[in-house]
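Chain letters run A, B, ... following the sequence lines, proteins first, then strands; residues in each count from 1.
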There are 2 protein chains.
Amino acid sequence: MYTLLSIEGGVCAPKGFFADGISAGLKPDNQKDLAFIHSETLCDIRAIFTTNRFQAAPILHFRKHAIETTNFVLINAKNANAMTGERGIEDIETVLEHARATFKKIQNPVMSSTGVIGVPLPKGKIMKGLERFDLAKRDGNAAAKAIMTTDSYEKHVAFEVILENGESFRIGAMAKGAGMINPAMATMLCFITTDAAIPADEMGPMLKAYAETTFNAISVDGDTSTNDTVMLLSNRLSGVYDKEAFAHAIERVMHELALKIVSDGEGATKCVAFEITGAANREEAAIAAKALTNSLLVKTALYGEDPNWGRIASTIGASGVACDPATLTITFGNVTVYERGEILFDEEREAKAAKVMQKDAFAIHCDLGIGKGSFTAYGCDLGHEYVKINADYRT
Amino acid sequence: MYTLLSIEGGVCAPKGFFADGISAGLKPDNQKDLAFIHSETLCDIRAIFTTNRFQAAPILHFRKHAIETTNFVLINAKNANAMTGERGIEDIETVLEHARATFKKIQNPVMSSTGVIGVPLPKGKIMKGLERFDLAKRDGNAAAKAIMTTDSYEKHVAFEVILENGESFRIGAMAKGAGMINPAMATMLCFITTDAAIPADEMGPMLKAYAETTFNAISVDGDTSTNDTVMLLSNRLSGVYDKEAFAHAIERVMHELALKIVSDGEGATKCVAFEITGAANREEAAIAAKALTNSLLVKTALYGEDPNWGRIASTIGASGVACDPATLTITFGNVTVYERGEILFDEEREAKAAKVMQKDAFAIHCDLGIGKGSFTAYGCDLGHEYVKINADYRT
């Protein structure tokens with residue numbers, strides 16, 4: 001038995017972690033755009049990255065050095081340092097060398113970037129900026145703000161996990177999302193810190209396992225970025241660990257941040273859970289659920305609050321999974337509109353289903369009636385604001 | 001040697017074909033919504049259909065009766081007769097029985113539908129409407145207008161194919177597109193008529209072969225409909241046939257209509273050819289090209305006339321095909337912005353590439369530099385109008 005207590009502090013909530021965000025002149029109007037996470041002792045670090053074949057320089061750098069321990073993560077917004085070739089990696093080495101020279105206690109520093117693809121890293125600004133870091137600052141909120149791109153608010157979460165014997169450890173995290181969000185490691189950065197005494201070899205598998213049902217189950221626009229990253233840093237300073245409790249806590253952290261990313265998707269006004277049950281197997285359930293999160297016709301119907309169940313059916317049919325109109329059932333919230341071949345969608349149910357869709361968050365449940373596979377994916381609507389943001393992004 | 005001559009008449013251009021479109025009260029304001037194609041002699045008919053697992057009733061009806069000859073095709077807009085179960089097929093049988101009773105010369109009639117999914121066919125209106133058909137009318141334009149949904153103009157094309165010995169045959173066609181358009185038999189209906197003396201066993205393979213590089217190479221929104229259909233009707237009345245000439249003519253017909261569908265995509269302002277070369281093989285080239293047509297970030301960048309080549313690279317990288325930043329080259333029109341690992345995108349080239357994108361139609365060429373596979377897919381931009389059309393479609 002254990003208790004999860006929601007606490008403040010984000011990535012600084014666990015013992016021995018520091019973070020801050022400052023303005024290095026990458027964003028206009030003195031907005032925060034450069035963040036760090038620092039631990040007073042060396043951490044184990046594990047990360048999972050995008051499946052995009054064109055991985056950004058920070059990912060290539062991390063892999064090149066096979067980094068397993070660190071006490072410093074540097075994160076910049078506005079520039080992805082992607083498609084920048086060998087030079088992109090050299091730029092990171094120059095920047096991190098400068099960080100090490102500036103703050104003697106930094107070991108095996110790591111860099112992470114988000115922003116425009118294909119523009120060389122503005123390393124001069126970043127190096128000048130990091131000189132102003134105060135490694136003793138504990139402002140998880142400022143750090144979360146600095147890593148935002150088109151996000152409309154900062155995303156962080158933290159829990160104290162209290163075991164039955166009264167001992168506790170903490171886990172904190174921050175993330176950014178908004179655009180280029182898609183199942184297969186959404187375009188997003190997520191940094192998780194913990195003082196739990198988790199064995200290093202349990203960190204990677206745990207990240208992978210829960211990414212599948214959290215970050216990999218969300219989609220804003222079906223585009224998989226070059227920079228997607230989830231990092232877990234553990235300094236073990238609490239001296240406390242319980243595998244089951246930690247697993248629950250990290251899943252909760254990742255799930256909450258994933259949902260925040262969807263809810264704050266570019267131009268999104270709604271967060272929708274697409275619950276698939278009765279698929280031939282779990283993989284097919286995931287394919288159908290993710291197809292629904294990515295269908296433009298479904299997303300625009302969500303935006304229009306139109307219970308156009310035919311588009312839902314058509315998308316499942318087009319996804320390639322085993323399905324049959326005679327066994328399919330579609331339900332908006334608790335309003336079933338199509339049940340095993342029978343159209344129940346009359347004026348009354350249409351009005352009720354439309355009412356469900358007026359909420360900020362709701363579920364659409366599709367039972368394929370074929371087997372026992374189930375999966376839930378999370379998506380959002382697509383409205384004018386998405387077009388506006390993305391047609392004007394660079395200019 | 002042969003000559004292709006563009007002619008008027010659409011589906012009525014070939015000898016012995018008749019067509020018209022009338023208003024049956026399915027669309028508001030007396031717009032045309034019901035069309036027929038009739039041949040004075042029995043035709044061979046072959047069709048290819050959507051890959052969606054939830055096939056609409058007209059497709060199930062066609063397959064149930066294994067139709068191979070006909071002299072009458074009835075087409076309605078506004079209702080897809082999809083997800084309507086056994087009743088959907090019975091409704092078609094009732095409607096077509098009424099057509100046979102009304103016009104004695106009708107044999108093996110076929111029906112095709114487009115519109116909203118999941119609403120029973122308004123068969124009363126359709127039966128009343130078809131009574132007003134004049135089977136001697138030759139108004140291919142009216143028929144093309146009647147099958148439109150959110151299309152902004154009617155789409156038809158016809159050619160006279162003149163062989164070296166002076167003999168000729170004709171081929172005509174009409175199509176509708178606009179929304180739910182996607183590679184894998186776009187949501188579209190296309191009807192091709194010919195008086196060429198093509199052997200019946202050559203019709204199906206020819207349709208399939210050219211669908212791949214025409215209708216299956218276009219995408220408006222990545223959604224594959226329940227109703228996609230391409231039908232070829234041949235009455236052989238010219239008595240003339242040349243396989244090579246016919247193959248060229250039907251490919252040309254399908255290609256022209258496919259491009260018209262993309263150019264007239266819902267809310268589209270541009271038609272873009274995504275030319276992939278240097279892929280590991282043709283299949284991978286097609287995957288990458290189609291991924292580009294379906295990326296929201298690419299489509300909104302097209303709309304914003306923003307040569308954001310990073311989104312192009314990222315989409316190719318995410319598509320799963322073999323690729324490498326060190327061998328990739330990206331060119332907008334004739335402006336290369338990224339060449340085998342080198343970023344050429346400076347202010348001058350950005351301005352030039354942006355100028356290319358101001359055109360209504362242009363090509364984006366990506367050489368993967370890996371192998372010899374190539375494929376061209378055709379897509380359009382996504383703007384505010386798409387959101388407006390699809391958020392408001394039912395209401």
Check whether any side-chain heavy atom of A/Leu296 lies under 4.5 Å from a side-chain heavy atom of B/Leu296, and answer yes or no.
yes

Test side chain to side chain contact (heavy atoms under 4.5 Å, CB included) on A/Thr315 and B/Asn52 and set out the steps.
CA-CA 8 Å; A/Thr315 301; B/Asn52 195 306; over 6 Å; no

Which of A/Gly341, A/Ala56, A/Ala322 touches chain B most, by non-hydrogen pairs under 4.5 Å:
A/Ala322

Applying side-chain contact (heavy atoms from CB on, under 4.5 Å) to A/Ala80 and not counting sequence neighbours gives A/Ala82, A/Ile117, A/Asn227

I'd like to know which of B/Leu302, B/Ile316, B/Val321 tops the heavy-atom pair count under 4.5 Å against chain A.
B/Val321

Where B/Gly320 and A/Arg53 come nearest, the two heavy atoms and their spacing
O-NH2, 2.9 Å

Select, from A/Glu305, A/Met83, A/Arg87, the one with the greatest count of heavy-atom pairs under 4.5 Å involving chain B.
A/Met83

side-chain contact (heavy atoms from CB on, under 4.5 Å) partners of B/Lys355, counting only residues at least two apart:
B/Gln358

Test of understanding: with salt bridge (charged side-chain N to carboxylate O under 4.0 Å, His left out), list the residues that count as partners of B/Glu348, not counting sequence neighbours.
B/Lys352

Tell me, for A/Val337 versus chain B, whether the close heavy atoms (under 4.5 Å) come from the side chain, the backbone, both or neither.
neither

Go through the atoms of A/Thr84 and report whether side chain, backbone, both or neither lie under 4.5 Å from a heavy atom of chain B.
both

Neighbourhood of chain A inside residues 323-332 of chain B, taking heavy atoms under 4.5 Å as contact
B/Cys323, B/Asp324, B/Pro325, B/Leu328

